[in-house]
Amino acid sequence: MTVSRPGSARPRTDTNEQHDALPPTDAELAAIETDRIEWARFQGATVEHAPELGGLLVSHSALGSSLNYVAALRWNQTDVEARLAAVIKEMSDRGIWPSVVVCDGLTMPADIAVRLEAAGWNPVFSDRNMWTRHPAVVPHLDPTLRVEAVTPESALEAVKLETEVFGLMPQEVGEQAELLANSVADGTTRAFLLRLDGKVVASARLVPGRLVAGLHAIGVDEGQRRRGYGRMLTAIATRAGLATGHKLVWLSVIEANTPAVEMYRSLGYQPTFGWTRWVAPA
């Protein structure tokens with residue numbers, strides 16, 4: 001007997017192909033910016049509304065932490081000098097180096113990067129956010145692979161891999177593991193581990209937001225790269241983000257990391273605004 005697919009069935013498609021998906025709305029772009037700022041809370045930082053600075057103030061107690069900046073800037077053209085002076089004073093009073101984040105197309109005024117450069121500020125970090133509305137299809141790679149949700153008990157394993165992959169401070173492993181354990185316990189974060197023969201080879205975090213969902217800390221063990229594990233876990237986490245009712249999932253990547261950019265593109269992710277952190281001159 002020949003079995004055929006019913007005419008009403010959806011066609012089989014691989015979302016690696018180009019889709020005519022609607023680009024992010026203004027509200028979704030703003031949500032990506034806000035959720036990315038809020039991600040700092042999961043790393044132990046505080047995020048404060050700072051009307052006098054015209055944005056959100058992110059601060060972390062660790063000496064030399066990169067989680068010290070003012071973001072979500074919506075300044076008037078005539079306010080820039082006064083706002084920068086306020087940022088310098090407030091952050092200097094707290095004993096942290098003044099820093100602001102500029103997001104292409106969102107930060108106001110639009111020429112803020114030019115003004116920062118003219119004032120002697122320097123860009124110290126930049127990457128690009130990417131987005132998708134479609135889950136990708138990847139083949140099963142190895143019969144010994146297992147995907148599991150991170151629990152409070154396995155949070156330490158996830159953080160240990162993140163620390164190795166991203167060159168984080170080893171002395172902070174315990175604190176970061178506790179933060180992850182608490183966030184998966186209260187449901188503010190979903191995280192995933194990919195095991196090969198019982199050993200953790202990849203991990204990723206999914207943070208559902210009010211409007212969009214963000215992927216963070218997608219990492220693969222150095223000795224297990226270029227085997228499709230990062231691709232597989234990204235696809236799984238993306239599907240989980242869309243399955244929770246979000247119409248868009250986003251992530252950020254350093255543009256110079258060509259292999260990672262190409263992998264995300266092959267999974268249907270498209271670039272949107274850049275994120276650049278500027279620091280004040282000495």
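On a predicted model such as this, the values are computed, not experimentally measured, just so you know.
With no hydrogens or angles considered, no side-chain donor-acceptor pair links H134 and T132 at under 3.5 Å. Side-chain contact, D186 with T188: a donor N or O sits under 3.5 Å from an acceptor N or O.
Considering only heavy atoms from C-beta on, Q176 stays 4.5 Å or farther from L180 through its side chain.
For R190 and E148, the salt-bridge test fails: no basic side-chain N is under 4.0 Å from an acidic carboxylate O. Between R41 and E48 no salt bridge is recorded (no basic side-chain N to carboxylate O distance below 4.0 Å). At a threshold of 4.0 Å, the pair R133-E28 counts as salt-bridged, since one of the basic side-chain nitrogens sits closer than that to a carboxylate oxygen. Note on R115 versus D111: salt bridge recorded, some NZ/NE/NH1/NH2 to OD/OE distance being below 4.0 Å. We find that E157 and R195 are joined by a salt bridge, their nearest charged nitrogen and carboxylate oxygen being less than 4.0 Å apart.
Within the structure, salt bridge (charged side-chain N to carboxylate O under 4.0 Å, His left out) pairs that include any residue of residues 160-177 comprise E162-R205 (at least two apart or interchain).
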**OP:** List the steps and the verdict of side chain to side chain contact (heavy atoms under 4.5 Å, CB included) for S266 and R231.
**Re:** CA-CA 9 Å; S266 74; R231 178 181 175 83; 2.5 Å; yes
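When hydrophobic clusters are built by joining Ile, Leu, Val, Met, Phe, Trp and Tyr residues whose side-chain heavy atoms come closer than 4.5 Å, directly or via intermediates, V200 is not grouped with Y229.
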Identify all side-chain donor-acceptor contacts of residues 206-217 below 3.5 Å with residues at least two apart in sequence or on another chain.
none

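Listed here is the closest heavy atom pair of W121 and P98: CZ3-O, 4.0 Å.
With a 6.0 Å cutoff to the six-membered ring centre and a 45° limit on the axis angle, R36 counts as a cation-pi contact of W275.
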